[in-house]
2 protein chains.
Amino acid sequence: MNIHDLAKHLNISIGTVSRALNGRADVSEETRKRVLEAAKRLGYSPNQSGRSLRRGSTGMVGFMVIANRSRAVRGEAFFMTVFDGVQSVLAKENLDLVIYYCGDGQSPETYVQRIVERGLVDGLIVSQTTRVDHRIDYLIQQNLPFIAFGRSQSGGDHSWIDLDFEGVAEQSIDLLTRLGHRRIAVATPAGDVNYGFVYTEACRAALKRRGLELDDDLVIREAISEAGGYRVGERLLAMKQRPTGVVAVENSLAIGLYSKLKDAGVAPGRDISVVGFDETPTFGLFLQPPLTRFRLELVDLGRWLGTHMVELIEAKRAGKTIPFAQKVWPLELVVGASTMPVSPAADGAPEVVSAEAGAKRRVSRTARTSSLLAGSTARD
Amino acid sequence: MNIHDLAKHLNISIGTVSRALNGRADVSEETRKRVLEAAKRLGYSPNQSGRSLRRGSTGMVGFMVIANRSRAVRGEAFFMTVFDGVQSVLAKENLDLVIYYCGDGQSPETYVQRIVERGLVDGLIVSQTTRVDHRIDYLIQQNLPFIAFGRSQSGGDHSWIDLDFEGVAEQSIDLLTRLGHRRIAVATPAGDVNYGFVYTEACRAALKRRGLELDDDLVIREAISEAGGYRVGERLLAMKQRPTGVVAVENSLAIGLYSKLKDAGVAPGRDISVVGFDETPTFGLFLQPPLTRFRLELVDLGRWLGTHMVELIEAKRAGKTIPFAQKVWPLELVVGASTMPVSPAADGAPEVVSAEAGAKRRVSRTARTSSLLAGSTARD
DNA sequence: CGGAATTTCGTAAACGTTTACGAGATCAGG
DNA sequence: CCTGATCTCGTAAACGTTTACGAAATTCCG
């Protein structure tokens with residue numbers, strides 16, 4: 001079933017069929033109706049290969065996620081929620097979102113290269129950026145509309161969006177130091193994941209602003225998983241001089257950490273203060289005591305990606321040049337009961353402290369709310 | 001940069017270039033080397049639109065996931081792990097895996113229709129099947145190689161793979177009834193997700209085999225999320241005649257359930273026995289007491305999908321017809337401490353029972369191990 | 001050395017679209 | 001009725017490949 005069949009069936013030329021389907025002006029209203037009706041009835045829609053060959057564009061936007069860094073980087077519904085936001089915007093522009101999944105065996109660089117060279121997409125979103133990320137250099141050079149989800153030290157000017165790790169660090173350290181904590185550990189992903197370093201350095205700077213140092217042995221790098229969080233707990237508890245507070249930059253780290261602490265009879269909040277992440281909405285629910293954590297609106301973030309991607313693609317189509325966008329995405333601090341005033345005997349000896357103090361719920365935001373997008377969309 | 005440019009640059013014809021790149025025999029070893037070298041140096045790879053237009057096949061396999069059922073049905077780590085397996089097999093056959101994400105606003109039926117009509121893929125995997133699933137009828141009719149991930153009542157003969165919910169039900173009920181439980185609740189997804197019904201009916205049958213009935217009010221259908229699991233707990237505890245055991249067919253359900261139970265001061269295992277799922281490897285780690293649960297090898301499952309998809313595609317290419325495959329995937333029971341002998345006063349009054357009894361670790365399997373695939377691949 | 005067999009390559013058609021161009025039909029206005 | 005404008009449509013080229021076909025060059029073998 002192709003355009004010739006349809007044309008023959010209607011006794012008109014393929015040119016007219018094409019024009020009718022593509023909504024061009026020079027076709028009578030009557031024939032257009034006939035064509036549309038017949039197309040629907042016979043289940044015809046234009047072959048994508050033929051169309052994009054002729055048009056020179058595919059109408060597809062790629063979103064690349066990486067396997068070995070994926071279960072790593074964030075768990076569960078994180079990306080799917082972002083997809084939702086991207087999709088909702090692209091659909092309005094007749095663009096399709098396709099997800100390219102770079103498997104364990106494949107190199108992200110050659111994977112992105114294949115996608116581009118073979119002309120699979122009109123635009124690409126690359127996630128899970130590393131500090132040096134050759135994908136970015138390559139994409140700049142190729143002049144393909146793209147957005148990096150995550151910052152990187154690579155490449156020149158380009159569009160990116162990233163979470164406000166500096167804001168998170170500042171607020172975390174602010175909260176803990178106000179509660180009297182001075183020896184604070186930082187749990188961060190192992191491997192060359194850019195935000196791990198961003199976050200660590202931001203914590204260091206926040207501490208320095210308060211006259212404190214971040215000892216190197218307090219930077220704990222572990223695989224991003226519940227198991228990794230568990231090991232963070234082990235390393236924490238094994239320290240001669242145990243920290244009184246710890247900040248963890250990812251969901252599963254905090255969960256695994258909780259697990260180890262409880263196994264060891266160390267109560268989060270009472271014995272050691274924990275600040276965590278809650279990038280997917282329903283996750284922190286079950287942790288007891290409730291985790292002090294940062295949450296964010298991932299659907300809106302996805303919408304931002306989609307909106308800017310459309311801008312980039314349309315600009316290129318029109319031959320215009322528009323400024324790249326760089327966006328730092330705000331997170332919201334939700335104070336739970338896992339952060340408490342430091343115990344007087346701050347050497348880590350378990351000592352009971354009022355379990356209620358400091359648990360009054362507070363909320364603040366790491367950055368000004370995005371002006372581009374509508375208000376938050378609470379999920380589930 | 002297209003094949004003409006490359007040919008001109010090498011002073012040979014485009015036919016030769018194409019043959020060289022596609023590994024055909026009728027090209028001298030020397031020119032092949034020259035072509036490959038030049039292609040790599042100039043960053044040329046064949047345009048996919050042109051290639052698939054001519055070939056009539058795209059070399060892509062689609063994997064469709066659905067938004068509103070996705071966060072619902074299973075988390076992201078679930079699918080990503082499956083992708084890994086599929087990908088690893090497809091890559092060997094020079095096939096690409098692309099993930100189509102059907103967003104919240106889109107209908108899965110029209111989405112799959114578009115994918116097929118526009119000729120985007122050589123084969124398609126559809127997941128999250130419903131009881132009546134028009135996608136399946138449509139795909140059968142279209143004669144496109146496809147596999148359903150999940151059973152359905154729709155459609156005639158076709159290939160599918162599904163988890164062994166019957167085995168899970170049988171083993172769960174067996175375990176609980178051996179421990180003396182007679183009043184057992186079933187927590188299952190709300191909505192028309194096929195496996196919810198399969199599982200419920202399998203539980204009902206397993207109970208019947210032991211002379212027990214499954215009361216309708218003991219079938220608790222809730223959204224598949226931690227919040228849903230929490231509501232399961234609420235409904236459970238609100239019952240006049242509280243069940244002594246509960247089986248939950250999904251990860252997050254068990255997690256939310258635990259949360260509610262603990263909030264209410266009801267100890268899993270001691271006060272109520274819980275059997276859960278652990279479809280993603282690292283999840284159950286942190287639950288205390290350790291959850292009695294079913295686990296499975298998702299990468300291997302993905303490999304099975306990939307392998308069979310390759311068979312289907314190659315058969316179609318060769319014009320042959322091969323039998324469809326139907327596969328029930330085994331799960332492994334891991335007995336934790338959340339299942340205990342029923343308390344003598346089985347009316348739900350919290351009563352202390354030996355916390356160690358019944359906690360000896362056992363492992364068994366719901367079905368014979370797949371003969372097709374190699375042994376398990378433990379994942380962090 | 002001559003013919004056949006083999007190796008290597010160029011030519012051109014085909015895949016299914018979109019669109020520039022131009023032609024016929026219709027219409028308005030004088 | 002004539003001219004020009006407008007509306008509607010058909011024709012054909014082009015997008016970048018792959019591949020059937022045949023031709024030229026080389027090798028083989030008696």
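Letters A, B, ... are given to chains in the order of the sequence lines, protein chains preceding strands, and every chain is numbered from 1.
Taking 4.5 Å as the limit, every side-chain heavy atom of A:Val17 sits out of range of all side-chain heavy atoms of A:His4. For the pair B:His158/B:Phe146, a side-chain contact is recorded, criterion being any heavy-atom separation below 4.5 Å from C-beta on. Contact check for B:Ile161 versus B:Phe149: side-chain heavy atoms found under the 4.5 Å cut-off. Counting only heavy atoms from C-beta outward, the side chains of A:Val35 and A:Thr16 never approach each other to under 4.5 Å.
Rounded to whole Å, the distance from CG on B:Asn47 to P on C:dG16 is 16 Å. Distance B:Leu21 CG to D:dT17 C1': 11 Å, rounded to the nearest Å. The interatomic distance linking A:Asp26 (CG) with C:dA23 (C1') rounds to 14 Å, in whole Å. Taking atom CD of residue A:Gln48 and atom P of nucleotide C:dT18, one finds them 9 Å apart after rounding to whole Å. Rounded to a whole Å, the CD1 atom of B:Ile12 is 13 Å from the P atom of C:dT8. In this entry the distance linking CG of B:Asn22 with C1' of D:dT19 reads 10 Å, nearest Å. Distance, B:Glu117 CD to C:dT17 C1': 16 Å, rounded to whole Å. Here D:dA14 presents its C1' atom at 11 Å from NE2 of B:His4, a figure rounded to the nearest Å.
Checking the phosphate oxygens (OP1, OP2) of C:dC15, no side-chain nitrogen or oxygen of A:Asn2 falls inside 4.0 Å. OP1 or OP2 of C:dT18 has at least one side-chain nitrogen or oxygen of A:Arg51 nearer than 4.0 Å.
If you check D:dA13, C:dC9, D:dT8 against the side chain of B:Ser28, the one that comes closest is C:dC9. Nearest to the side-chain atoms of B:Leu53 among the listed nucleotides C:dT18, C:dC15, C:dC9 stands C:dC15. Closest contact between the side chain of A:Arg19 and the listed nucleotides C:dG10, D:dG10, D:dG16 involves D:dG10. Closest approach to the A:Thr31 side chain among D:dT18, D:dA14, D:dC9 is made by D:dC9 (side chain taken as heavy atoms from C-beta onward).
Mapping B:Glu29 and A:Thr16 onto DNA chain C by nearest heavy atom places B:Glu29 closer to the 5' end of the strand. Between A:Arg55 and B:Gly15, the residue whose closest nucleotide on DNA chain C is further toward the 5' end is B:Gly15.
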Q: Before giving the answer on side-chain contact (heavy atoms from CB on, under 4.5 Å), spell out for B:Arg114 and B:Gln106 the whole-Å C-alpha distance, their side-chain angles and the decisive distance to 0.1 Å.
A: CA-CA 11 Å; B:Arg114 269 187 26 164; B:Gln106 303 170 296; 5.6 Å; no
